[in-house]
Amino acid sequence: MERQIVLEKLRNIGIAAHIDAGKTTLTERILFYTGKSHKIGEVHDGNATMDWMVQEQERGITITSAATTCFWGDTNINIIDTPGHVDFTVEVERSLRVLDGVVAVFCSVGGVQPQSETVWRQATKYDVPRIAFVNKMDRVGADYDRVVQMMIDNLHANPVILNYPIGSEDQFRGVIDLIANEEVLFLDDTGSKVERRPISSEYASKAAALREKLLESASEADDSLIEKYLETGELSSDEIVASIRALTIAGKLVPVLCGSAFKNKGVQLLLDAVVSFLPSPIDVGAVLGTNPKTGDEVQLHPSVSDPFSALAFKVQTDPFVGKLTYLRIYSGKLDPGSYVLNSTKDKRERIGRIMQMHANSRSDLDGAIAGDIVGAIGLKFTKTGDTLCNEDKPVVLENIDFPEPVIFVAIEPKTKTDQEKLSASLEKLSDEDPTFQYRTDQETSQTIISGMGELHLEIICDRLMREFNVQANVGKPQVAYRESVKAKSTAEGKFIRQTGGRGQFGHCILEIEPSSRGEGFSFESRVVGGRIPREYIPSVEKGVKEAFSTGIVAGYPVVDVKVAVLDGSFHPVDSSDIAFQIAASYAVKDAFKDASPVILEPIMDVEVEVPENNMGDAISDLNSRRGKIEKIESLKNNIQSIKASVPLSEMFGYATTLRSLTQGRGIYSMQFFMYSEVPKLIYDSLVADRSK
């Protein structure tokens, strides 16, 4: 039996925001009001449905994005609740890649915080329409107008206020619905009893001014609406909703609502807004892909009649069903037991079962169609970002870009049994999380794991011990330094072994020069006249890459360099791939050392919020960490915000220092900014450590 889904009545949305803005609490209320759960789960009690991992319940934060589905009226809403902590930004990135709309949650006290900006940038990158929900209107210090202004100043957004709070802090009791032009009061603790009434005289002038702005914004959708508004000064509710919807989907404005998820106020109005203003798969329209055989552009429409295509956006190891792959289906339909093509890897895959996900529980489906977000069991080769499609109509959809890890630790299993389990467990964890990587250090034979931050690696190690039952010793966090050059240099490499039988002969001359920061590695051949046969050029490149992967001066990977092979020679009998690889590694190592080598370190964007009387201590501490203060601004309640760029190597243990400097009142957040050259003293120290 095929499920009957009306695509116009489907919404694929994400809930995204800075850490502790109330995303999971909001999602829990949505599940309660839509009848998906009969009891409201609370994050602080550790019983939230969407925070199902033990680590999430203990820490009261979201670590992994969780998917669920529910109905509001006759509209099917698929929801992904995403983490707010910067260490888990990959979860937001891959969710936004497959979603049609986002509810951006802002704390009414904190406003637009650093991770809010990151989420906003990610949504802009994928052209995802947004609704803003200003949460925690019951909190001391709540300031709705300030948050809306911060959206304009910090996010360069075009917010349009759809409802305005009646009272704030402990007096918050309802909102003014500017489209309906009436007050909405919440009469009980569960938010189920709602009274609508005319706007009171206390708020009449404010509401009139805001409604005028709303009508001006709405009329911009259509010339006929502008004419009507100029003639009559009014638009009907249906006209306002239709035009705000069109402008939201086009990314021209952001509807703003407010409430308090924890106090159950304003959530139903937000659900109405999701249905009214966020797009269905039909509104999003065709997705673009590439035919892997011809390179031609392919358009796939959200229709059952188009060939099947889907993007795998998350892989999860499930203790009950094994490897579970989350799919967003863009076109066609998918049946259990059918065969599909993984066009990214050019592998045939069989779909075992199709699951409807609800956090960490699941139910079987007898099929899935365009627009669905489902879990699939039985996929062996598929990783995050891979495209699945019809075997006869191959297509590759746009992949997902993931940031490089910036921090690493050494991990050693305690026993032989743990050693055997460790590599299998790390393989599963890196399948789940593309920003988590592991490798074996060739010189020390240690296993090195790397990730996005201290918390990220702490969670990984915790999961290894609890979920996978691997006991291991974990070293201190290390910084992911990189090597590069500042000058141009040329060197020659020869590898000649003459023995009784066939010998080895490789000879090349290489030039190395710096490229712009972030450009990575590039290689070209300028050999003329067949001085090195064409089939050996890839061997030269391979030799260079291998030398760069283990570092030249201090053992760190080399980035942002251009290498050109200029000349060389070969022997008609003795030349081989391996000989040219070794010759290239000799040449590039010599050239590198003469090209003013530098070591690069990750620099972090740090934002620290401290009480005013602790500001001097916080600034001098950041300066002592080689920090560069970029901006200082005053927030509410005598809080100062300090924005600085600080080397990651200086930020270990900062949380403890900040707590002691501010008696526990300071908070900070940081995210990767750029790679920059280390000072001479640190360069010498890192090179000396390597030589030991």
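Under the 3.5 Å distance criterion, the side-chain polar atoms of Lys421 are matched with a main-chain donor or acceptor of Asn469. Judged by distance alone, the side chain of Asp560 and the main-chain N or O of Glu519 form a donor-acceptor pair under 3.5 Å. Formation of a donor-acceptor pair under 3.5 Å by the Arg29 side chain with backbone atoms of Ala261 is found in this model. Of the possible polar contacts, none joining the Glu349 side chain to the Leu388 backbone as a donor-acceptor pair under 3.5 Å is found. Side-chain atoms of Ser217 never come within 3.5 Å of backbone atoms of Val160 as a donor-acceptor pair (strictly under, hydrogens ignored). Using a distance-only test at 3.5 Å, with no hydrogens or angles considered, no donor-acceptor pair links the side chain of Glu467 to the main chain of Leu464. Side-chain atoms of Asp372 do not come within 3.5 Å of backbone N or O of Val374 as any donor-acceptor pair.
Other residues, nucleotides and ligands contribute at most 12 non-hydrogen atoms within 6.0 Å of the NZ atom of Lys380. Residue Asp364 places its CG atom among more than 12 non-hydrogen atoms of other residues, nucleotides or ligands, all under 6.0 Å distant.
If you check the side chains of Asp272 and Trp72, you find a donor sitting under 3.5 Å from an acceptor. With 3.5 Å as the limit, one finds no donor-acceptor pair spanning the side chains of Thr440 and Thr447. Checking Arg130 against Thr124 by side-chain atom types alone, a donor-acceptor pair falls below 3.5 Å. A donor-acceptor pair shorter than 3.5 Å can be found between the side chains of Thr69 and Asn78. A donor and an acceptor atom, one from each side chain of Ser539 and Asp577, are located under 3.5 Å apart. Side-chain contact of Tyr339 with Glu391: a donor-acceptor pair under 3.5 Å is absent, judged by distance alone.
Between Leu26 and Ile30 the shortest side-chain heavy-atom distance falls below 4.5 Å. Inter-residue side-chain proximity for Val274 and Ile77 is flagged as met; some heavy-atom pair is nearer than 4.5 Å. Contact check for Ile13 versus Val102: no side-chain heavy atoms found under the 4.5 Å cut-off. Two residues are said to be in side-chain contact when any heavy atoms from C-beta on lie closer than 4.5 Å; Asp431 and Thr384 fail this criterion. Using a 4.5 Å heavy-atom threshold, the side chains of Cys461 and Ile449 count as touching. With contacts defined as side-chain heavy-atom distances shorter than 4.5 Å, the pair Leu288/Glu398 does not qualify. In this structure, Leu397 and Arg97 have side chains that are in contact, with non-hydrogen atoms separated by less than 4.5 Å. Here the side chains of Tyr126 and Val98 are not in contact, with every heavy-atom distance at 4.5 Å or above.
Below 30°, between 30° and 60°, or above 60°: for His456 and Phe436 the angle between ring planes is above 60°, a perpendicular geometry.
In plain terms, the two heavy atoms of Ala376 and Leu327 that are nearest each other are CB-CD1, 3.8 Å. Here the shortest heavy-atom pairing between Pro394 and Leu341 reads CB-CD2, 3.9 Å. Closest of all the heavy-atom pairs between Asn390 and Pro307 is CB-CB, 4.3 Å. Scanning all heavy atoms of the two residues, the minimum distance from Ser549 to Glu546 falls at OG-O, 2.8 Å. When all heavy atoms of Ser331 and Ala370 are compared, the closest pair comes out as CA-CB, 3.7 Å. In plain terms, the two heavy atoms of Ser425 and Val470 that are nearest each other are OG-CG2, 3.6 Å.
The side-chain hydrogen bond (donor to acceptor under 3.5 Å, both in side chains) pairs that include a residue from residues 240-254 are Arg245-Asp283, where partners are two or more places apart or lie in different chains. Pairs engaging residues 284-296 under the side-chain hydrogen bond (donor to acceptor under 3.5 Å, both in side chains) rule: Thr294-Asp296 [sequence neighbours left out].
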- Task: Please test Glu427 against Tyr438 for side-chain contact (heavy atoms from CB on, under 4.5 Å), starting from the C-alpha separation and ending with a verdict.
- Result: CA-CA 8 Å; Glu427 178 72 31; Tyr438 70 97; 2.8 Å; yes

- Task: Could you go through the side-chain contact (heavy atoms from CB on, under 4.5 Å) check for Leu162 and Val256 one step at a time?
- Result: CA-CA 6 Å; Leu162 298 191; Val256 186; over 6 Å; no

- Under the side chain to side chain donor-acceptor pair (under 3.5 Å) rule, what do Thr382 and Thr325 come out as? Steps first, then yes or no, please. CA-CA 8 Å; Thr382 302; Thr325 308; 5.9 Å; no

- Task: Decide yes or no on side-chain contact (heavy atoms from CB on, under 4.5 Å) for Ile179 and Ile244, but give the supporting numbers first.
- Result: CA-CA 10 Å; Ile179 295 177; Ile244 294 291; 5.5 Å; no

- Intermediate values then yes/no, side-chain contact (heavy atoms from CB on, under 4.5 Å), Phe548 and Val559: CA-CA 8 Å; Phe548 280 176; Val559 295; over 6 Å; no

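We find that Arg11 and Asp100 are not joined by a salt bridge, their nearest charged nitrogen and carboxylate oxygen being 4.0 Å or further apart.
Note that OG of Ser95 is 13.0 Å distant from CD1 of Ile79, once rounded to the nearest 0.5 Å. Taken to the nearest 0.5 Å, the CD1 atom of Ile249 stands 7.0 Å off from the OG atom of Ser280. Atom-to-atom distance recorded for Ser224:OG and Glu239:CD is 8.0 Å, nearest 0.5 angstrom. Annotation: the span from Asn12 atom CG to Ile80 atom CD1 amounts to 7.5 Å, rounded to 0.5 Å. Taking CH2 of Trp120 as the start and CZ of Phe106 as the end, the distance is 5.0 Å to the nearest 0.5 Å. To the nearest 0.5 Å, atoms NZ (Lys383) and OG (Ser430) are separated by 6.0 Å.
For the salt bridge (Lys or Arg N to Asp or Glu O under 4.0 Å) with Glu432, the qualifying choice from Lys323, Arg463, Lys314 is Arg463, the only one to do so. Put simply, the residue from Ile329, Leu334, Leu300 that forms a side chain to side chain contact (heavy atoms under 4.5 Å, CB included) with Ser309 is Leu300.
Residues meeting the ring pair (Phe, Tyr, Trp, His ring centres under 6.0 Å) test with Phe468, sequence neighbours left out: none.
A cation-pi geometry, defined here as NZ or CZ lying under 6.0 Å from the six-membered ring centre and within 45° of its normal, holds between Arg328 and Tyr330. Geometrically, Lys347 engages Phe381 in a cation-pi contact, judged by NZ or CZ lying under 6.0 Å from the ring centre and within 45° of the ring axis.
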